[in-house]
Trainee: 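Structure in C-alpha cells, see below.
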Amino acid sequence: MVLTDLLLEPLRKNPPNKKQMIRIYNLLANDIDTVTPFLVRKMTENKKERCKNRLADVRQSNDEFLMAPFSKRDVVSKYL
C-alpha cells in the first residue's frame, strides 16, 4: 500500500476504527518517497508484458502481522 490521499482522507474524518486503520497502515503501507524509486527502477528494467512488481510479498506481509505487537513503525503520523 502507498500512503496517498485515497488512504489518508478517511482517517482525517476520525472514523470509529481510526486506531485500527492507523495500525494496519503502519504495518503495511509505505510513503510515496519509499515506493517511487523502487517502482521506477522496476518499470525501466522490465522487458516483459503484464509484469507484476511488488515491494513486498504475501509472506512478508504475514510476517509484519505476526510481529505487529513489537512494531514501533510509524509512517502515518506525519500525514495526519
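These figures come from a predicted structure and were not determined experimentally.
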Trainee: Indicate the atoms forming the closest heavy-atom contact of P10 with P15, along with that distance.
Mentor: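 Closest pair (atom of P10, atom of P15, distance): O-CD, 3.1 Å.
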Trainee: Is there side-chain contact between I22 and L80, with at least one heavy-atom pair below 4.5 Å?
Mentor: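 Touching, per the 4.5 Å side-chain cut-off.
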Trainee: Counting neighbours of CD1 on I32 that are heavy atoms of other residues, nucleotides or ligands and sit closer than 6.0 Å, is the number greater than 12?
Mentor: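 Atom CD1 in I32 is not packed in, count stays at 12 or less.
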Trainee: Run the side chain to side chain contact (heavy atoms under 4.5 Å, CB included) check on Y25 and L7 step by step: do they pass?
Mentor: CA-CA 9 Å; Y25 290 176; L7 289 177; 3.5 Å; yes
Trainee: Could you tell me whether the side chains of R73 and N30 share a donor-acceptor contact shorter than 3.5 Å?
Mentor: yes
Trainee: Under the side chain to side chain donor-acceptor pair (under 3.5 Å) rule, collect the residues that match up with S77, sequence neighbours excluded.
Mentor: D74
Trainee: Suppose the criterion is salt bridge (charged side-chain N to carboxylate O under 4.0 Å, His left out): which pairs have a residue in residues 24-39, not counting sequence neighbours?
Mentor: D31-K78
Trainee: How would you list, by chain and number, every residue that makes a salt bridge (Lys or Arg N to Asp or Glu O under 4.0 Å) with E9, sequence neighbours excluded?
Mentor: R12
Trainee: Taking atom CE of M21 and atom CG of L11, what is their separation to the nearest 0.5 Å?
Mentor: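 With rounding to 0.5 Å, CE (M21) is 4.0 Å from CG (L11).
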